[in-house]
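Below is one structure, written out as structure tokens; the observations come after it.
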Amino acid sequence: MTQPLAGKQILIVEDEPVFRTLLNSWLSSLGASTILAEDGVDALEKMTHHKPDLMICDIAMPRMNGLALIEHLRNEGAQMPILVISATENMADIARALRLGVQDVLLKPVKDFDRLKETVFACLYPNMFNSRVEEEERLFDDWDALTSNPHAAAKLLQELQPPVQQEISHCRINYRQLVSADKPGLVLDIAPLSDHDLAFYCLDVTRAGDNGVLAALLLRALFNGLLQEQLSHQRQRLPEMGSLLKQVNQLLRQANLPGQFPLLVGYYHSGLKNLILVSAGLNGTLNTGEHQIQISNGVPLGTLGNAYLNQISQRCVSWQCQIWGAGGRLRLMLSAE
């Protein structure tokens with residue numbers, strides 16, 4: 001049996017005994033040696049005798065919670081990679097964890113252990129994985145500076161725009177954008193989720209002032225994790241995109257970012273040739289060659305406590321999507337291999 005984590009020592013800091021035991025058994029089956037701690041105080045005591053290669057910790061724990069533990073370790077100069085696995089839905093907690101330099105944040109309940117395995121490997125062998133962890137760390141390295149310097153935040157957001165042409169998840173994808181060159185308008189992000197599926201979103205940052213740019217930076221750092229969590233809850237292969245946008249709406253409110261955030265999100269599965277588009281405030285037209293479908297814009301996120309969405313699902317090998325709003329116009333094109 002392959003044991004890819006042989007020789008690695010992993011500290012598990014988790015107050016819930018069932019999940020702690022589950023992690024222990026799973027990591028041990030991969031060859032890792034484990035150290036178990038019930039909270040931050042217990043973890044610090046264990047680390048006087050051990051120097052783990054990776055720490056996996058919860059946030060909500062008695063005596064010393066995960067954020068206090070991580071902050072203590074970073075203040076002491078500890079460079080050990082840290083993976084947070086938590087049931088929190090508080091965007092502020094997630095943002096703080098990323099600002100403290102954790103490698104990744106996963107949400108409970110963990111059902112997709114392939115995703116967890118990839119994340120653990122990326123923490124332990126960062127040079128072997130093309131991940132966005134360094135980018136996410138950069139976003140949260142100095143969040144306070146970004147919030148107080150809108151120009152710097154806007155410049156960072158522009159630097160993070162995807163290449164206009166790329167091949168991911170067995171698809172060729174490119175886009176053309178008609179926006180003002182000197183300030184963000186429609187912001188696009190595209191990312192592979194696996195060898196066969198990808199996700200993208202387009203956010204109009206012009207209707208929330210400086211908060212639009214900040215929301216785009218937060219969404220960029222957290223969107224993939226939120227969507228992976230949606231997929232792990234689905235028995236079928238396609239995610240509930242409406243549920244995902246409602247969660248994003250809630251997180252924007254928790255992060256105290258008021259304003260209107262017109263957003264369109266898409267998901268494409270290159271094996272099933274299935275495209276899902278859901279809009280909360282942006283107009284869109286989908287052209288598959290055989291069909292042209294109008295996407296009504298719905299209500300922008302941030303407008304109301306609940307999200308009111310318009311969603312379409314279409315099977316297609318290739319497609320073009322025109323997206324427009326106050327921030328400009330964008331054309332996104334995809335062709336499956």
Side-chain angles (χ1 to χ4, degrees), residues 1-59 61 63-87 94 97-138 140-141 192-195 224-225 228-229 231-232:
M1 180 178 177
T2 303
Q3 294 194 314
L5 298 182
K8 297 296 184 181
Q9 188 176 71
I10 300 177
L11 171 62
I12 302 169
V13 190
E14 169 63 63
D15 64 320
E16 207 287 303
V18 174
F19 188 58
R20 186 172 64 239
T21 301
L22 177 64
L23 278 179
N24 180 37
S25 299
W26 180 74
L27 290 167
S28 297
S29 73
L30 296 175
S33 62
T34 57
I35 311 155
L36 306 183
E38 296 181 1
D39 55 34
V41 173
D42 191 17
L44 290 176
E45 195 280 327
K46 296 286 173 58
M47 279 188 279
T48 61
H49 306 289
H50 303 276
K51 291 186 177 180
D53 299 292
L54 169 67
M55 181 174 81
I56 299 177
C57 77
D58 194 2
I59 289 181
M61 295 182 292
R63 296 200 294 177
M64 177 185 280
N65 67 31
L67 293 175
L69 171 62
I70 295 165
E71 185 170 21
H72 176 86
L73 291 172
R74 292 309 190 218
N75 287 340
E76 292 291 313
Q79 299 299 311
M80 162 186 61
I82 299 171
L83 169 61
V84 171
I85 302 179
S86 172
I94 297 171
L98 290 168
R99 281 160 49 194
L100 288 170
V102 306
Q103 270 54 44
D104 211 339
V105 178
L106 298 182
L107 300 179
K108 292 179 181 176
V110 175
K111 295 185 178 180
D112 185 350
F113 277 82
D114 287 335
R115 155 83 168 153
L116 177 58
K117 184 178 178 181
E118 289 177 5
T119 306
V120 169
F121 284 7
C123 289
L124 288 168
Y125 310 107
N127 294 331
M128 295 175 60
F129 288 83
N130 294 320
S131 73
R132 296 176 11 150
V133 170
E134 290 182 6
E135 178 184 301
E136 292 168 7
E137 286 181 350
R138 182 186 175 197
F140 289 101
D141 239 5
L193 300 172
S194 74
D195 286 340
N224 276 19
Q228 290 281 12
E229 186 65 19
L231 287 167
S232 73

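Side chains are part of it too, since the values below use all heavy atoms of this structure and drop only hydrogens, waters and symmetry mates.
Taking the side-chain contact (heavy atoms from CB on, under 4.5 Å) definition, one finds that Asp39 meets it with Val41, Asp42, Met61, Pro62, Arg63, sequence neighbours left out. The side-chain contact (heavy atoms from CB on, under 4.5 Å) test applied to Leu22 returns Phe19, Phe113, not counting sequence neighbours.
Across Ala37 and Lys46, no two heavy atoms sit closer than the pair CA-NZ, 4.3 Å. Residues Leu11 and Val13 come closest through the heavy atom pair CG-CG2, 3.7 Å. Taking each heavy atom of Asn65 and Ala68 in turn, the nearest pair found is OD1-N, 2.8 Å. When all heavy atoms of His72 and Leu44 are compared, the closest pair comes out as CD2-CD2, 3.5 Å. The two residues Leu67 and Ile59 make their nearest non-hydrogen contact at CG-CG2, 4.1 Å. For the pair Gly101 and Arg74, the tightest heavy-atom approach, listed with the atom from each and the gap, is O-NH2, 3.0 Å.
Atom CD1 of Ile70 and atom CD1 of Ile82 lie 5.0 Å apart (nearest 0.5 Å). Distance check: Cys123 SG to Met80 CE gives 11.0 Å after rounding to the nearest 0.5 Å. The structure places OG1 of Thr119 at 11.0 Å from CG of Leu124, a figure rounded to the nearest 0.5 Å. The NE2 atom of His50 sits 8.0 Å away from the OG1 atom of Thr48 when rounded to the nearest 0.5 Å.
Each of Leu54, Val120, Asp104 was checked for a side chain to side chain contact (heavy atoms under 4.5 Å, CB included) with Pro81, and the lone residue meeting it is Leu54. Ile10 pairs with exactly one of Leu36, Asp53, Ile35, Leu5 by the side chain to side chain contact (heavy atoms under 4.5 Å, CB included) rule, that one being Leu5.
By the 4.5 Å heavy-atom criterion applied to side chains, Leu27 and Ile56 are counted as neighbours. The shortest distance between side-chain heavy atoms of Leu23 and Leu116 falls below 4.5 Å. Two residues are said to be in side-chain contact when any heavy atoms from C-beta on lie closer than 4.5 Å; Met55 and Leu69 meet this criterion.
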_Criterion side-chain contact (heavy atoms from CB on, under 4.5 Å) on Leu107 and Ile94, from CA distance to verdict_ = CA-CA 10 Å; Leu107 300 179; Ile94 297 171; 4.3 Å; yes
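Using a 4.0 Å cut-off between charged nitrogen and carboxylate oxygen, Arg20 and Asp58 do not count as a salt-bridge pair.
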